[in-house]
Amino acid sequence: MRYLSSAPLDTTTLLESIRDPSRGAVVTFVGAVRNHDGGRPVVALEYSAYGPMAEAVCGQIIAEASERWPATVALMHRIGRLVPGDDAVVVAAAASHRDAAFQAARWVIDEVKRRVPIWKREHYADGAADWIIPPEAVAAE
Amino acid sequence: MRYLSSAPLDTTTLLESIRDPSRGAVVTFVGAVRNHDGGRPVVALEYSAYGPMAEAVCGQIIAEASERWPATVALMHRIGRLVPGDDAVVVAAAASHRDAAFQAARWVIDEVKRRVPIWKREHYADGAADWIIPPEAVAAE
Amino acid sequence: MTSPQSGRISVLLFARYAELLGASSVSIELAPGATIADVVAGVRALPGGDQLPDRPLCARNLAMARLEEVVVPGDELALLPPMAGG
Amino acid sequence: MTSPQSGRISVLLFARYAELLGASSVSIELAPGATIADVVAGVRALPGGDQLPDRPLCARNLAMARLEEVVVPGDELALLPPMAGG
């Protein structure tokens with residue numbers, strides 16, 4: 001596994017993999033598990049994936065980002081049971097200038113959410129659980 | 001000093017100061033010293049500031065960002081002599097959603113560059129040194 | 001299973017779809033020239049399958065595929081609930 | 001310095017401007033009703049000051065100020081080269 005991890009995400013090592021003294025601008029996005037969803041208390045989030053396809057699509061997104069911007073991009077997504085505060089996804093983009101770093105990081109996280117086959121089940125304080133369907137996906141289905 | 005530091009920037013502590021399980025999206029911008037400027041090798045960058053005003057303006061920028069976006073923002077700028085690879089500035093924004101976190105972080109670093117009285121002198125491999133004037137400032141002067 | 005192996009195809013199911021069918025993979029009879037839509041119809045005919053959408057997201061060989069595409073024996077097919085990563 | 005203290009004002013200089021004047025602060029005679037532009041003219045009349053721009057960025061009491069503003073004794077004035085943080 002290159003982009004998916006069942007262990008806690010190591011943002012420091014990820015950043016070291018793309019930082020370089022020739023690239024002065026580094027933008028990092030961290031998506032963490034929130035302790036609520038629209039006010040309803042959340043106790044855990046369980047992520048699952050279609051592993052081989054998720055790895056392939058993450059690789060494609062990284063490659064496409066490198067074509068669109070003069071930036072080096074890294075990406076990790078956590079799988080398994082996470083609790084509020086845990087990091088679920090980290091995207092980092094390093095470039096010579098901040099425009100490219102911001103744009104590449106933003107584009108990659110948007111594409112990850114749109115294209116990578118990962119799902120999550122939200123567990124609430126009252127014992128109930130729901131599969132999460134992002135608003136965009138509800139409209140498309 | 002709250003926003004300026006003559007010691008190396010501690011991004012981890014800065015991030016901990018704004019992270020919270022209710023805010024799931026964290027965007028970080030790190031600006032580091034590059035080892036070149038338009039191809040010319042750079043060996044050091046010396047930052048100086050009008051300290052009291054720089055602190056005041058940084059505080060205003062943070063306050064304005066908090067009014068514009070539902071985000072918590074932190075900011076540190078290094079002062080003194082830095083070498084390539086050293087972090088010169090760190091901006092972090094935490095929000096419930098990634099839109100606000102990306103927009104707030106981007107706006108804050110833009111405003112820092114535009115409004116905070118900090119200057120830098122670039123030292124080249126050949127022993128020469130120049131005060132840096134950003135392209136936008138050249139046009140305005 | 002009396003039909004030859006090439007006459008059936010496995011379909012991977014994930015997340016809510018796996019829960020609806022009670023399985024992470026199901027085997028469907030594959031007629032010559034069958035499209036992905038035909039395979040989806042086969043999955044929807046299984047117990048619990050009627051709760052799948054008419055036109056779910058489908059992947060073939062790790063890439064998104066259109067329902068009109070003809071299935072080739074050996075293809076890896078998967079029905080994907082709406083992506084929810086991040 | 002025979003004039004009363006309130007008749008002079010200190011002007012802070014930074015980075016390249018401090019280098020041009022060879023000082024991080026200079027003292028300028030302040031006529032009643034003088035504007036920041038008048039103070040700038042006083043700084044530009046000092047040795048090395050002619051290399052300052054006609055209309056440099058100015059701060060008064062830690063905030064950006066317009067050159068037309070009247071200076072009040074006790075104000076903290078500063079001439080700022082183009083900002084180059086980040």
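Just so we're clear, the structure is a prediction, and the values are computed from it rather than from any experiment. Letters go in sequence order (proteins before strands), and every chain restarts at 1.
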Sort out for me which of [options] touches chain B most, counting heavy-atom pairs under 4.5 Å.
{"options": "A:Ser96, A:Ala94, A:Ala101", "value": "A:Ser96"}
{"options": "A:Leu15, A:Asp87, A:Val90, A:Val91", "value": "A:Asp87"}
{"options": "A:Val26, A:Asp20, A:Thr11", "value": "A:Val26"}

Are there residues of residues 31-43 of chain A whose heavy atoms fall under 4.5 Å of chain B's heavy atoms? If so, which?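 Residues of residues 31-43 of chain A touching chain B at under 4.5 Å: A:Gly31, A:Ala32, A:Val33, A:Arg34, A:Asn35, A:His36.
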
For A:Arg68, what residues pass the side-chain hydrogen bond (donor to acceptor under 3.5 Å, both in side chains) criterion, not counting sequence neighbours?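 Checked A:Arg68 against side-chain hydrogen bond (donor to acceptor under 3.5 Å, both in side chains); zero matches.
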
Check each atom of A:Ala88 against the heavy atoms of chain B and say whether the ones under 4.5 Å are side chain, backbone, both or neither.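 Neither; nothing under 4.5 Å.
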
Please flag which part of B:Arg98 lies under 4.5 Å from any non-hydrogen atom of chain A: side chain, backbone, both or neither.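 Both parts, backbone and side chain.
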
Heavy-atom closest contact (B:Gly85 atom, A:Pro21 atom, distance):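 Smallest heavy-atom distance, with atoms named: N-CB, 4.4 Å.
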
Side chains of B:Arg106 and A:Val27, heavy atoms from C-beta outward: is any pair under 4.5 Å?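 Side chain of B:Arg106 against side chain of A:Val27, heavy atoms only: no contact under 4.5 Å found.
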
Any ring pair (Phe, Tyr, Trp, His ring centres under 6.0 Å) pairs touching residues 6-34 of chain A, not counting sequence neighbours?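 Matches after skipping sequence neighbours: A:Phe29-B:Phe102.
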
Strictly by ring pair (Phe, Tyr, Trp, His ring centres under 6.0 Å), give each pair with a member in residues 59-85 of chain A just once, sequence neighbours left out.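 For residues 59-85 of chain A, and leaving out neighbouring residues, the ring pair (Phe, Tyr, Trp, His ring centres under 6.0 Å) pairs sorted by first residue read A:Tyr47-A:His77, A:Trp69-A:Trp107.
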
